[in-house]
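Everything below concerns the one structure shown next.
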Number of protein chains: 2
Amino acid sequence: MIRNDDLGYPIVIGNSLRSELRHFLHDRDTDVVVLADRNVAPLAERLTKGTRGGVIVHRFDLGERRKTLATLERILDVLIESGVERTTTIVGVGGGVACDLFGLAASLCMRGLDYIGVATTLVAMADAAIGGKTGVNLARGKNLAGTFAQPRAVFCELDALRTLPYARLREGLAEVVKAAIIEGGRFFSLLEEVAALPFRAWPWAEIVEESVKVKTMYVADDRTEQGARETLNLGHTFAHAIERASHYRVSHGAAVAVGLRAAGLAALKTGRFSRIEHGRVLTLLALLGLPLRTGVDPSEILASLSADKKRRNGRLRFVLPLAIGDVEPGVEVPTRVVRSVIEACVTPPSAREFV
Amino acid sequence: MIRNDDLGYPIVIGNSLRSELRHFLHDRDTDVVVLADRNVAPLAERLTKGTRGGVIVHRFDLGERRKTLATLERILDVLIESGVERTTTIVGVGGGVACDLFGLAASLCMRGLDYIGVATTLVAMADAAIGGKTGVNLARGKNLAGTFAQPRAVFCELDALRTLPYARLREGLAEVVKAAIIEGGRFFSLLEEVAALPFRAWPWAEIVEESVKVKTMYVADDRTEQGARETLNLGHTFAHAIERASHYRVSHGAAVAVGLRAAGLAALKTGRFSRIEHGRVLTLLALLGLPLRTGVDPSEILASLSADKKRRNGRLRFVLPLAIGDVEPGVEVPTRVVRSVIEACVTPPSAREFV
């Protein structure tokens with residue numbers, strides 16, 4: 001079991017965390033309400049069994065298309081109907097969407113109840129559950145409404161990864177690669193070493209730990225995303241535009257993978273990044289089965305970029321890699337370059353891009 | 001023009017505040033999006049005319065029944081469609097519902113945009129716009145979801161009071177009386193002095209200033225309502241239960257007036273409050289045309305009380321007056337007393353209650 005306290009609350013990483021969770025809840029000595037994505041409701045039952053007060057697990061059908069204010073309202077209604085008080089602790093069990101929605105519901109219910117996140121997917125462990133960002137999608141884009149709300153604790157239940165379908169694991173792998181590009185060094189080469197191994201042989205505790213460490217490092221001093229935290233958006237400005245332009249038919253993980261290629265290309269085209277390191281990133285993404293190209297219309301992606309919430313004074317800003325392990329936030333890239341990058345991402349990389 | 005800085009941002013009270021607002025916005029040097037309750041859209045136009053960037057006033061049909069997540073979503077969609085960026089300042093113009101909804105939308109949009117409130121009703125000036133509480137109603141009750149989000153400034157535009165219909169002025173008068181009971185002294189006797197005068201002869205600047213001072217005093221050290229701020233809920237636990245039990249047919253102001261009587265009665269019945277001071281409160285409420293009784297079924301009010309968000313460990317707690325100018329929060333009142341108080345509030349006060 002690994003514990004990270006960089007954010008002032010424990011992030012616990014390990015297998016079969018039931019007793020850790022129970023002790024943590026027991027020490028808090030409050031009523032508990034458990035919310036779970038229906039997919040992991042049995043796991044949520046097992047993890048919270050024996051918690052005082054005979055916990056009921058409330059189940060919700062989630063998914064990126066249900067990450068709306070309407071679903072939020074259902075969750076809030078269930079919380080109120082279940083008799084929460086201001087001292088109640090909410091436990092949310094699930095993946096990225098669950099973290100964002102349950103965390104938002106807890107932060108809004110009675111203007112803020114204590115929240116504990118139990119992450120059951122790689123994307124939640126590596127990204128969504130860490131850092132206190134919650135949100136829902138609006139008609140015009142992803143995560144356009146939400147709060148900054150730090151949880152009381154996060155539990156990354158590695159057991160859940162064993163049964164996670166590859167399609168969902170892949171979502172998280174894209175975030176892990178992103179973290180490894182930011183961190184560089186041993187983390188990136190570890191991924192290169194294990195990339196060809198079956199997932200069951202992966203050192204998950206170490207990989208989740210490293211991913212969490214990258215996230216907490218940037219979040220710790222910048223909880224409301226004024227500056228340094230932007231670094232974590234590497235590949236994400238492109239990714240969100242692709243997802244939106246595809247009306248969310250392209251998954252977040254697939255979009256981030258293409259977004260990482262796009263950020264690398266933009267850095268390459270503006271003389272910031274080396275062709276060799278760009279090639280290492282592309283190779284790693286490909287070995288992990290992540291896509292390097294998208295079928296979405298480039299002009300739609302461009303249009304969608306212009307609605308991104310990370311604009312400032314109307315100009316598009318990106319996080320670009322300078323090297324593996326060195327990333328620069330807030331780079332204004334000329335529209336001409338952005339366009340050519342997006343157009344390139346419609347086709348697979350040429351041999352030249354790979355070197 | 002009066003200015004209160006107790007909360008670390010200006011609360012400006014005065015007539016014709018257009019130039020003050022314009023200077024404030026000019027100094028901030030950001031894009032501005034204006035949201036207004038349709039009722040006060042012309043005033044919002046006048047107040048923001050000449051603001052840089054050719055401000056458009058977005059109008060919304062509001063009202064307590066529209067204080068929902070569905071309306072919030074419309075407001076958020078309009079903000080995104082109007083091209084807000086993270087640096088944009090939102091100006092919200094209107095009464096209590098507008099303050100709560102526009103403030104919530106600003107605090108959620110892109111996880112938090114800067115917000116300036118322009119209060120155009122007495123309830124907003126005396127209460128809703130001050131203190132950074134935002135919210136919407138859920139199926140089970142009022143203000144059950146929201147945020148704590150401090151605005152950058154609040155402008156109390158006294159001009160708006162001149163044309164405010166009596167029914168809406170009355171909403172605020174109940175909050176003003178509540179503040180005067182908490183404050184006591186000169187504030188309460190000022191109200192007794194002017195109670196019989198026509199409203200146009202009232203010293204509004206002074207009355208709003210005093211009301212704001214009471215609110216800021218309790219909010220300043222307790223922004224997230226852990227303790228002292230609860231004092232401001234005098235009469236409100238009863239009031240919210242009445243409103244909810246009436247399905248919001250009883251207005252907030254009328255409910256607060258009855259709630260102030262109920263709190264006084266509960267204090268009287270538990271030996272905390274004197275009959276003479278209770279009588280002074282009732283007389284003031286009556287002179288201002290505020291109701292002292294409700295037609296709502298007492299058993300419905302009781303049922304609704306038990307869903308109140310200010311419960312702790314399942315027990316109902318009230319703020320009770322000990323004297324005019326001395327109020328005690330967090331008093332647990334026996335259910336028997338609560339029941340008899342609510343039953344009393346169905347009929348007008350007897351001469352004995354009035355002494």
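Numbers restart at 1 for each chain; the letters A, B, ... are given by sequence-line order, proteins then strands. The basis for the numbers below is simple: all heavy atoms, side chains too, and nothing from hydrogens, waters or symmetry mates.
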What distance separates L79(A) CG from R140(B) CZ, expressed to the nearest 0.5 Å? 12.0 Å
Atom pair CD (E81(B)) and CG (L138(A)), whose distance is rounded to the nearest 0.5 Å: 10.0 Å
Can you find a pair of side-chain heavy atoms, one from L108(A) and one from L108(B), that are under 4.5 Å apart? yes
Heavy-atom distances under 4.5 Å only: say whether S107(B) touches chain A with side chain, backbone, both or neither. backbone
Determine the minimum heavy-atom distance between T147(A) and R111(B), stating which atoms define it. O-CD, 3.4 Å
Considering only heavy atoms, which portion of T134(B) lies under 4.5 Å from any heavy atom of chain A: side chain, backbone, both, or neither? backbone
Of all of V136(B), T88(B), L104(B), I80(B), which one pairs up most often with chain A through heavy atoms under 4.5 Å apart? I80(B)
Measure the shortest side-chain to side-chain distance between L69(B) and L76(A) over non-hydrogen atoms and say whether it is less than 4.5 angstrom. yes
Pair count under 4.5 Å, heavy atoms only, with chain B: among G146(A), A105(A), G112(A), highest is G146(A)
